[in-house]
Trainee: 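Right, I'll just put the structure down here and ask away after.
Throughout, protein chains are lettered first and strands after them, A, B, ... in sequence-line order, and every chain is numbered starting at 1.
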Amino acid sequence: MNTEETRNKHFIEKIIDDDLLHSRVPEGTIVTRFPPEPNGYLHLGHAKSIILNFSLAEEYGGRCHLRLDDTNPEKEDMEYINAIQADIKWLGFDWGDYLYHASDYYQQLYEIAVSLIRDGKAYVDSLTPEQMKEYRGTLTQPGKESPDRNRPIEENLRLFEEMKAGKHPEGKYLLRAKLDMASPNINLRDPALYRIKFATHPRTGDAWCIYPMYDYTHPISDAIEGITHSICTLEFEDHRPAYDWATSIDHIPHTPHQYEFARLNINYTVMSKRKLLYLVKNGLVDGWDDPRMPTLVGVRRRGYSPESLKMFVDKVGVAKVESVVDFALLEFCVREDLNKRAKRVMAVLDPLKVTITNYPEGESEFVEVENNPEDPEAGTRMVPFSRTLYIEQEDFMEVPIKGYRRLYPGNEVRFKGAYYLTANDVVKDEDGNVIEVLCTYDPESRGGTTPDGRKIRGTIHWVSAEHAKDATVRLYDKLFLTEAPGEATGDYLDDINPDSLITLTDCKVEPALAEAAPGEYLQFMRNGYFVPDSVDFTADAPVFNRTVTLKDSWSKKKGK
RNA sequence: UGGGAUGUAGUGUAAUGGUAACACAGCAGAUUCUGGUUCUGCAUUUAGGGGUUCGAAUCCCUUCAUCCCAGCCA
């Protein structure tokens, strides 16, 4: 639901308001539905549709059905049917008792088709696919009527019955609606209603060998379920007349209406099932749930929260303009949400050893660090501190650049929650690389403040060397290098980002992180938001995925 | 080029005849035990051309641009 203080209603809400005002809604309540075809995993584009449909139902006190649109057994699979349900639940929506499948209506759909034939409104056609194409005409030229268009009703009835009984091979016959072959709208040039397919359906098995088409099934399914507002994407605008035709067939119990909105497009990614499937099948990613994928299983494993997705969809809005949303908006929403809920912890991704020369050898202590400055309820935790620590390589410069306020010789910085340290000397390897920084600490600064109240410009994170756990950290970046993958060369694969995944294996993390729970939202202080990987994380070998970086104004400034 | 739709800052979305706005992105600055957060400020917008009107993003005409449709896919 919309959590903004106020937001202008979008055009679908305005339509609903108007329908409610004029009592055009049976039962006085709206009914929406999310109708995916179970032929792949759900992605961010589906999330927009799911959130739109379910939120509308919540907002108006109506209900939202989940209907699996399973009318093409060649493409559909139980794997997808299950995954879709899991994804919707993860998003936080519940269809309650209203789980349906288009296949639930096969018998009814069949009977309606028979009545259509009886009424002379549908006929069995024997045109081959090639002839069909030819007879259909073109965008600028009307089609012509099939010789079978005036087949006697009795014969149509008999043939359709034979189709259903499996007496004819695939492609031999087709049941078509008798509409208008000269219509400028090609969807009205006697659309196919039923085709023969000897395929095993994931739910009905081999019970049927004729399967109803989308333009016939979808509107009638909506009508049967009492859907009031059937919301779909823009490319179905041309199908609305077919939708209206189907819902006006005699004895259809109710007349739903279709409204179209613009699908969600995001730059730097691809959203078509075909392309995503290709990435998976060819090992360009590690599966549908690869954290770089725009699939719901992918972003979930990446560490995006359902709330951040809802915020994103809310900010994107609902309109009829074909648009491409900036990836940065998605990342903003993720940060915005995670900032409130992520537990702050310290993890060093690129370790550099620091030794405190005036800290007693062999000793250690615990310092108290807050879990989330944004959330007073989050409390604090105790983190071990000792003579030898790790900090980020980035946080030390032997010769500091302008504006640098981290550790450098002679500079005093605060080690988060612990003490003030001053760098005095470095140890180098034979190549001249700094491999260790020698510091002294001020025992008076324990807890991060001193009695004299002196100001410290820099605060950096750290872990105690002897207490730290080794961890693997996966840094994810955009899957594509360009805003519109494939736009320049015609092949989206040309724009794949070779560095979309960087795996760091020598990271040092706070000991408590070994007990992190997969899916727990974390912020590695100053590094970004991370989540334990839901597949590979173990206490012995922790693996973390970077969800999103922190906003970073320093690297920009530094680059100038 | 037949039909259907759509054009508002860089991006997305409001404003439906009465001061063009919100968010993201960008750029400054302040605050800060995260160069994060928070706060403040700045720059940038009605596709073009006509018309109606005291007044037009909004109404009319026209041009242009973009998207969708010729599956026995959804």
Side-chain angles (χ1 to χ4, degrees), chain A residues 4 6-10 35-37 39 69-72 74-76 102 125 127-129 132-133 136-143 170-176 183-189 191-197 211 213-215 217-218 232-241 260 262 267 273 314-333 335-336 339-340 344 346 369-370 373-374 403-406 413-418 420 447-449 456-461 483 523-528 549-558:
Chain A
E4 298 286 295
T6 49
R7 188 207 65 195
N8 290 301
K9 292 193 173 185
H10 54 70
E37 181 187 15
N39 68 343
D69 215 348
D70 54 350
T71 57
N72 186 352
E74 287 169 354
K75 292 188 176 179
E76 297 147 8
D125 200 351
L127 249 31
T128 64
M132 271 282 283
K133 193 175 164 69
R136 184 157 36 231
T138 68
L139 294 178
T140 51
Q141 290 177 317
E170 288 185 13
K172 177 83 188 286
Y173 290 116
L174 195 64
L175 185 71
R176 301 177 72 180
S183 172
N185 182 343
I186 292 182
N187 298 300
L188 261 23
R189 317 242 259 235
L193 264 25
Y194 269 92
R195 75 286 215 190
I196 301 169
K197 271 185 198 289
Y211 290 94
M213 300 288 290
Y214 169 87
D215 273 338
T217 311
H218 201 94
C232 63
T233 44
L234 251 28
E235 68 268 30
F236 291 100
E237 277 176 326
D238 288 344
H239 292 252
R240 196 182 333 126
E260 310 86 10
N267 57 15
K273 278 182 188 169
D314 188 63
K315 285 186 182 299
V316 163
V318 181
K320 296 189 72 127
V321 194
E322 197 68 49
S323 58
V324 182
V325 177
D326 195 341
F327 187 74
L329 181 62
L330 213 207
E331 294 206 321
F332 165 81
C333 293
R335 290 188 186 107
E336 181 83 353
N339 180 48
K340 290 178 297 187
R344 271 60 170 175
M346 295 195 282
V369 182
E370 59 193 345
E374 304 298 316
Y404 194 74
R405 45 183 206 238
R406 281 113 97 146
V413 302
R414 174 164 38 229
F415 277 44
K416 175 74 188 178
Y420 295 175
T449 50
I456 295 294
R457 286 281 281 164
T459 300
I460 65 175
H461 63 279
E483 287 194 31
Q523 185 195 97
F524 287 1
M525 293 203 79
R526 306 205 303 133
N527 268 318
T549 59
L550 254 24
K551 241 177 81 180
D552 179 9
S553 53
W554 167 241
S555 66
K556 272 184 208 164
K557 185 182 270 188
K558 193 175 55 175

Trainee: Atom NZ of Lys9(A) and atom P of U16(B): how far apart are they, to the nearest Å?
Mentor: 15 Å
Trainee: Below the 4.0 Å mark, does C24(B) have OP1 or OP2 next to a side-chain nitrogen or oxygen of Arg335(A)?
Mentor: no
Trainee: So does Arg195(A) get a side-chain nitrogen or oxygen closer than 4.0 Å to the phosphate oxygens (OP1/OP2) of A74(B)?
Mentor: yes
Trainee: Would you indicate which nucleotide in A74(B), A14(B), U34(B) comes nearest to any side-chain atom of Met213(A)?
Mentor: A74(B)
Trainee: Looking across every strand, which nucleic acid part, if any, lies under 4.0 Å from Arg240(A) by heavy atom: base, sugar-phosphate, or nothing?
Mentor: nothing
Trainee: Please report the interatomic distance OG1(Thr138(A)) to NZ(Lys133(A)), rounded to the nearest 0.5 Å.
Mentor: 10.5 Å
Trainee: Write down the distance separating the P atoms in C39(B) and U46(B), rounded off to the nearest Å.
Mentor: 30 Å
Trainee: Does the structure show Trp554(A) stacking with G35(B), if we require the centres to be closer than 5.5 Å and the planes to be within less than 30 degrees of parallel?
Mentor: yes
Trainee: With rounding to the nearest 0.5 Å, note down the distance linking CG in Asp326(A) to CD in Glu331(A).
Mentor: 9.0 Å
Trainee: Going by an N to O cut-off under 4.0 Å, is there a salt bridge joining Arg344(A) and Glu370(A)?
Mentor: no
Trainee: As a test of reading the structure: which of A74(B), G12(B), C24(B) is closest to the side chain of Leu329(A), going by heavy atoms?
Mentor: C24(B)
Trainee: For A9(B) versus U45(B), give the span between their P atoms, rounded off to a whole number of Å.
Mentor: 9 Å
Trainee: Give one of base, sugar-phosphate or nothing for Pro373(A), where a contact means two heavy atoms less than 4.0 Å apart.
Mentor: base
Trainee: Look at all strands and tell whether Lys551(A) reaches a base, only sugar-phosphate, or nothing, counting heavy atoms closer than 4.0 Å.
Mentor: sugar-phosphate
Trainee: Pick the C1' atom in G7(B) and in A47(B), then give their distance to the nearest Å.
Mentor: 6 Å
Trainee: So, OP1 or OP2 of G2(B): does either fall under 4.0 Å of a side-chain N or O from Thr138(A)?
Mentor: no
Trainee: Output the single nucleotide from G12(B), C72(B), U38(B) whose closest atom is nearest the side chain of Glu336(A).
Mentor: U38(B)
Trainee: Looking at G2(B), C72(B), C73(B), which one has an atom nearest to any side-chain atom of Leu139(A)?
Mentor: G2(B)
Trainee: Which of these nucleotides, U13(B), C27(B), G36(B), is closest to any side-chain atom of Val321(A)?
Mentor: U13(B)
Trainee: Using a 4.0 Å heavy-atom cut-off across all strands, classify Tyr420(A) as base, sugar-phosphate, or nothing.
Mentor: nothing
Trainee: Take atom P in G36(B) and the same atom in G29(B), then report the distance between them in whole Å.
Mentor: 13 Å
Trainee: If you look at every strand shown and take non-hydrogen atoms under 4.0 Å, does Asp552(A) touch a base, only sugar-phosphate, or nothing?
Mentor: sugar-phosphate
Trainee: Should the ring pair Tyr214(A) and His239(A) be called parallel, tilted or perpendicular, given that the plane angle runs from 0 to 90° and is split at 30 and 60?
Mentor: perpendicular
Trainee: Roughly how far apart, to the nearest Å, are G26(B) and C61(B) at atom P?
Mentor: 43 Å
